[in-house]
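One structure is given here, and the rest of the page talks about it.
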Amino acid sequence: MVGRTSLLIKDMLSARKLIFNLLTQINKTIHKSNNKLTIKMIKRAAGFLIYRLVSSRIEYLLLKASYGELHWTPPKGHVDPGEDDYTTALRETREEAGFTENDLKIYKDLSKTLNYNVKGKPKVVVYWLAELVSGRDPTLSDEHTDFKFVTKEQISTLSTYPDFLEMVDYFDNEIKKIHKL
Ligand SMILES: Nc1ncnc2c1ncn2[C@@H]1O[C@H](COP(=O)(O)OP(=O)(O)OP(=O)(O)OP(=O)(O)OC[C@H]2O[C@@H](n3cnc4c(N)ncnc43)[C@H](O)[C@@H]2O)[C@@H](O)[C@H]1O
């Protein structure tokens with residue numbers, strides 16, 4: 001009896017481990033606290049930190065959301081089921097700013113991933129760096145009411161999230177190397 005019980009417990013533990021691994025693979029996080037397992041869906045989004053050069057000044061594009069806290073972010077949005085991050089970044093940038101690949105020089109090898117919580121749920125956002133080469137202004141959708149091209153210093157008046165500002169710092173240094181500024 002004792003042997004059968006310990007076998008059963010062993011089976012349950014392996015089953016739990018199997019479920020844990022499977023759920024992790026399908027993009028969920030599992031948190032263990034007070035011996036209880038809770039599962040949180042991870043929201044995933046992708047976009048581009050778009051900059052333009054005006055003489056040798058670097059200016060970044062931010063869009064003002066028409067909902068919620070009316071926050072400012074680069075063009076980005078949720079990854080649809082079956083879509084890869086890069087395709088999402090292109091689609092959302094086209095939908096939110098009207099820019100296609102023809103408007104941009106995309107640095108596919110330069111990307112940053114931000115991890116933060118929205119309403120208690122984890123969110124992952126992948127940004128690639130892209131230069132606006134067409135010189136066009138964005139065409140906004142109804143998700144945004146305004147846009148601004150701002151310098152790195154001015155960004156902190158529109159967004160105060162430390163990880164976002166660190167990312168801008170990182171890209172700013174890369175841009176200076178690319179253009180030998
Ligand atoms: N409150 C709301 N009311 C009505 N409709 C809504 C809504 N929120 C979303 N929607 C709908 O969802 C759609 C947007 O979807 P998408 O356009 O597909 O996705 P998104 O850009 O990732 O959404 P969002 O702007 O919410 O994301 P962010 O992480 O910047 O921002 C999400 C939150 O995280 C905060 N945040 C942003 N960056 C952060 C960071 N680095 N660290 C911590 N928090 C951050 C923001 O301030 C914001 O509070 C809209 O069309 C709208 O219909």
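Counting starts at 1 for both ligands and their atoms, following the listed order. Heavy atoms only: backbone and side chains are in, while hydrogens, waters and symmetry mates are out.
In this structure, atom 53 (O) of ligand 1 is not in close contact with the protein, since no protein heavy atom lies within 4.0 Å of it.
Annotation for ligand 1: atoms under 4.0 Å from non-hydrogen atoms of E96 are 17 (O). Here is the list of ligand 1 atoms found below 4.0 Å of a heavy atom in K123: 20 (P), 22 (O), 23 (O), 24 (P), 27 (O), 28 (P), 29 (O). The contact set between ligand 1 and A45, taken as ligand atoms under 4.0 Å from a residue heavy atom, comprises 22 (O). Atom numbering of ligand 1 starts at 1 in the shown order; those under 4.0 Å from a heavy atom of T73 are 30 (O). With ligand atoms numbered from 1 in the order given, ligand 1 contributes 40 (C), 41 (N), 42 (N) to contacts under 4.0 Å with heavy atoms of D163.
Here the side chains of L110 and Y170 are in contact, with some heavy-atom distance below 4.5 Å. Annotation: side chain of L49 is not in contact with side chain of Y51 (no heavy-atom distance under 4.5 Å).
Distances from atom 21 (O) of ligand 1 to the heavy atoms of R44, K76, E69 put K76 nearest.
Here the heavy atom of the protein found nearest to atom 1 (N) of ligand 1 is G68 CA, 3.4 Å. Closest to atom 26 (O) of ligand 1, if we only count protein heavy atoms, is Y67 OH, 3.6 Å. The protein atom (non-hydrogen) at minimum distance from atom 17 (O) of ligand 1 is E143 OE1, 3.0 Å. At the shortest separation from atom 29 (O) of ligand 1 among protein heavy atoms lies Y116 OH, 2.5 Å. Looking from atom 34 (O) of ligand 1 to the surrounding protein, the closest heavy atom is V118 CG2, 3.5 Å. The nearest heavy-atom contact from the protein to atom 18 (O) of ligand 1 is H78 N, 3.1 Å.
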Worked verdict on T88 versus D85 for side-chain hydrogen bond (donor to acceptor under 3.5 Å, both in side chains): CA-CA 5 Å; T88 300; D85 295 344; 5.4 Å; no
Checking ring-ring contact (aromatic ring centres under 6.0 Å, His included) for the pair W128/Y86: CA distance, chi angles, key distance, verdict? CA-CA 8 Å; W128 280 271; Y86 188 72; 5.2 Å; yes
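At least one heavy atom of E92 sits less than 4.0 Å from an atom of ligand 1.
The pair E92-K76 fails the salt-bridge criterion, with no side-chain N (NZ, NE, NH1 or NH2) lying under 4.0 Å from an Asp/Glu carboxylate O. The pair E83-R91 counts as a salt bridge, with a side-chain nitrogen and a carboxylate oxygen less than 4.0 angstrom apart.
With hydrophobic clusters built from ILVMFWY side chains whose heavy atoms lie under 4.5 angstrom apart, L129 shares a cluster with Y127.
Looking at T157 and Q154, their side chains never bring a donor and an acceptor atom within 3.5 Å of each other.
At a 3.5 angstrom cut-off on N or O pairs, H71 counts as close to ligand 1. Taking distance alone, with nitrogen or oxygen atoms compared against 3.5 Å, Y161 approaches ligand 1 more closely than that limit.
Figure legend: R94 and F99 shown without cation-pi pairing, the cationic atom not lying both under 6.0 angstrom from the six-membered ring centre and within 45 degrees of its axis.
A side-chain contact (heavy atoms from CB on, under 4.5 Å) with L90 is found for exactly one of T100, I106, L104, namely I106.
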